[in-house]
Amino acid sequence: MAKKPNKLRARLPRGFVDRSAADIRATDEMLSKIRQVYESYGFDPVETPAFEYTDCLGKFLPDTDRPNAGVFSVQDDDEQWMSLRYDLTAPLARHVSENINEIQLPYRTYRNGWVFRNEKPGPGRFRQFMQFDADTVGAPGVQADAEMCMMMADAMEALGIPRGQYVIRVNNRKVLDGVLEAVGLGGEDDAERRLTVLRAMDKFDKFGTEGVRLLLGEGRKDESGDYTDGAKLSAPAIDAIVEILEASAIDDLIDYTNDLTFKTAALSKFAINESFEAGFRELKLISVLVTSAGYQSDRISVDPSVVRGLEYYTGPVYEAELLFDVINEKGEVVQFGSVGGGGRYDGLVKRFTGRDVPATGFSIGVSRLMTALKNLGKLQTADVVAPVLVTVMDGDTEALGRYQKMVQDLRQAGIRAEMYQGNWKKFGNQLKYADRRGCPIAIIQGSDEREAGEIQIKDLIEGARLASESTDVDNVTWRESRPAQVTANEADLIETVRGILAAQAEDRRQANGD
RNA sequence: GCAGACGUAGCUCAGUUGGUUAGAGCGUCGGAUUGUGGCUCCGAAGGUCGGUGGUUCGAAUCCACUCGUCUGUACCA
């Protein structure tokens, strides 16, 4: 048998999605809520393009695991390499550096945009996704970091996540450096093991004390049988690190009177080093600042297991985490992780300018957060009513003109409306179309009505309800009963439509229970 | 990247020890009904059985490789 010629198969590259009307509207809603928060903090928008020269995005990797993966790159006409941005921070550093003479520091700015990562997608993880960032450039003090944390908490609540269902966890890269120094991994030779230790600490939330002990020690095997090699630290070092991770507040760890000292048994074996001291003092300061601004530890909490990226952070780091379970389509609880984070990156602008320009900022993973809210049913689906459909009974030019006029009149009265654009000769299809499209009302005017100066106005929502109540009526009878349909004077079109729409809106409100 | 599970129509899935032309429900489209949505009835379209190669007289079924999806893990700027 001869094979048919192969059809081209329509398919989307993995990790990319088409966005539906509902998604787009929900995203817009989210963005405007976040924007409102940032604006109220006095931040101004700025936008940079999706492409940058690859060297400007920078590779700060001490992390040599994956030398070139993760980024989409192309070569320009002049053979310079360009890449799609993989976050909004590096492009901002480029923008600030390029315009450093015009920009008034400290520069408080926000922006949202698509970013691209060439890596394996997961639930709520895409290769193109939206981030919403805010940064303060040229502010050296931790008060800028504290403000970032507060703003992030406010953004979470503005998005409808109730207090107690999220937390902003704060740590300090200097504390982590102090830990590494204290367990004897300060030297250049131990770079690899330092990463292993940091990654292990980062897993505390996921694997708990025992899992982290394994990762800090010999290694850990997961359920699928995959094995992760450990950092092979000594037992006392592991004890000390675990004690830091398990602390519920920094005051449990540190005595802040005069010279800092460790309070706990396992930690007291270590001296406070310079990094520890600087890090803990900054954390304490942030903690005091946010508390006096009214943000208690249920919203912003110091947590030494926060590690974040291993690249450019130099001081405080923070992370927004959702505390509710996220359920996927199959009803399984999926581990979700953080929906945003950031930190202080004092070295990023200096790469371009040579000048010290300290900066701090954070990023909200809009796409990711939206997946979580959607799965939870907390996504505010914007209440967009489908258009009123003006049906076409006669296809002659004069009649079409009359229908167009009706549509325009409706539009000018602020009512979404459209004229049927399919094959008008099958009238049943017009109403079927309206029904499937979710149209609230259909307008009908044939020659009979035309001569009488009337129109038929059909309430499709009410009609659907009536239809579902009487299922055994035969089609002809049902049709001729013209359910939920009123005859109106041509001049009363707008008024009548308005009345029906208002009644429908009221019904929806009652159905929603508010 | 590593490990496991799974790939049959737009969707959800049947498909016997390898045996004619691969099926069902839902959905889609057309008709019954040239001016009325739902119900009902009739009809139609829709398949590289994920792909390639192999074993066999014969493969959706067995084998190898490969691609994709999901879950875990690694990485996550």
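Every heavy atom of this structure was used, including side-chain atoms; hydrogens, water molecules and symmetry mates were not. In what follows, chains are A, B, ... by sequence order, proteins preceding strands, each numbered from 1.
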Length of the CH2-C1' vector between Trp478(A) and C41(B), whole Å: 17 Å
OP1 or OP2 of U73(B) under 4.0 Å from side-chain N/O of Lys120(A): no
Lys232(A), NZ: over 12 other non-hydrogen atoms inside 6.0 angstrom: yes
Asp135(A) bridged to Arg111(A) by N-O distance under 4.0 Å: yes
Nearest-nucleotide pick for Val71(A), side chain only, options being C39(B), A77(B), A74(B): A77(B)
G18(B): pairing nucleotide in any strand, Watson-Crick or G-U under 3.5 angstrom: none
Sugar-phosphate, base or nothing in reach of Val473(A), heavy atoms under 4.0 Å: base
C13(B): pairing nucleotide in any strand, Watson-Crick or G-U under 3.5 angstrom: G23(B)
Lys432(A) NZ - G27(B) P separation (whole Å): 11 Å
Gap in Å between the two C1' atoms, one belonging to G51(B) and one to U12(B), rounded: 24 Å
Interatomic distance where CZ belongs to Arg199(A) and P belongs to A74(B) [whole Å]: 10 Å
Separation of C75(B) P from Glu192(A) CD (nearest whole Å): 11 Å
Any Arg117(A) side-chain N or O less than 4.0 Å from OP1/OP2 of A77(B): no
Short side-chain N/O contact from Lys426(A) to OP1 or OP2 of G31(B), under 4.0 Å: yes
Side-chain ion pair, Arg437(A) and Glu418(A), N-O less than 4.0 Å: yes
Lys206(A) vs C75(B): side-chain N/O to OP1/OP2 distance below 4.0 Å: no
Sugar-phosphate only, base, or nothing, as touched by Glu480(A) at under 4.0 Å among non-hydrogen atoms: nothing
Paired nucleotide for G38(B) [Watson-Crick or G-U wobble; both distances under 3.5 Å]: none
Sugar-phosphate only, base, or nothing, as touched by Ala434(A) at under 4.0 Å among non-hydrogen atoms: nothing
Integer angstrom distance from the P of C62(B) to that of C70(B): 25 Å
Sugar-phosphate only, base, or nothing, as touched by Leu466(A) at under 4.0 Å among non-hydrogen atoms: nothing
Sugar-phosphate, base or nothing in reach of Asn423(A), heavy atoms under 4.0 Å: nothing
G43(B) - base-pair partner by Watson-Crick or wobble geometry, distances under 3.5 Å: C29(B)
Nucleotide of G35(B), G37(B), A77(B) approaching Ala464(A) most closely (side-chain heavy atoms): G37(B)
Strand partner of A64(B), provided both Watson-Crick or wobble distances fall under 3.5 Å: U52(B)
Sugar-phosphate only, base, or nothing, as touched by Glu449(A) at under 4.0 Å among non-hydrogen atoms: base
Length of the line joining Leu431(A):CG and U36(B):P, which is rounded to integer Å: 9 Å
Minimum-distance nucleotide (side-chain atoms of Tyr313(A) versus A77(B), G35(B), G37(B)): A77(B)
Donor-acceptor pair between Asp459(A) and Gln504(A) side chains, under 3.5 angstrom: yes
Assigned partner base of U73(B), Watson-Crick or wobble definition, under 3.5 Å: G1(B)
Sub-4.5 Å side-chain heavy-atom contact between Ile500(A) and Glu462(A): no
Carboxylate-amine/guanidinium proximity below 4.0 Å for Arg173(A) and Asp177(A): no
Sugar-phosphate, base or nothing in reach of Ser447(A), heavy atoms under 4.0 Å: base
Gap between atoms CG and C1', on Leu214(A) and A74(B) respectively (whole Å): 16 Å
Spacing of Asp474(A) atom CG relative to U36(B) atom P, expressed in whole Å: 13 Å
Closest nucleotide among G38(B), G35(B), A77(B) to the Asp87(A) side chain: A77(B)
Between C26(B) and U69(B) - P atom distance, rounded Å: 31 Å
Presence of Arg436(A) side-chain N/O under 4.0 Å of U28(B) phosphate oxygens OP1/OP2: yes
Residue whose nearest RNA chain B nucleotide is more 5′ - Gln445(A) or Val476(A): Gln445(A)
Sugar-phosphate, base or nothing in reach of Thr228(A), heavy atoms under 4.0 Å: sugar-phosphate
Between A77(B) (P) and Glu119(A) (CD): distance, integer Å: 9 Å
Residue mapping more 5' on RNA chain B - nearest nucleotide basis, Gly15(A) or Asp448(A): Asp448(A)
Atom C1', compared across C6(B) and C13(B): separation rounded to whole Å: 14 Å
Pair Glu319(A) + Arg308(A), salt bridge at N-O below 4.0 Å: yes
Side-chain-base donor-acceptor pair under 3.5 Å for Gln485(A) and U36(B): yes
Sugar-phosphate only, base, or nothing, as touched by Phe207(A) at under 4.0 Å among non-hydrogen atoms: sugar-phosphate
Neighbour count >12 (heavy atoms, 6.0 Å) for atom CD, Glu490(A): yes
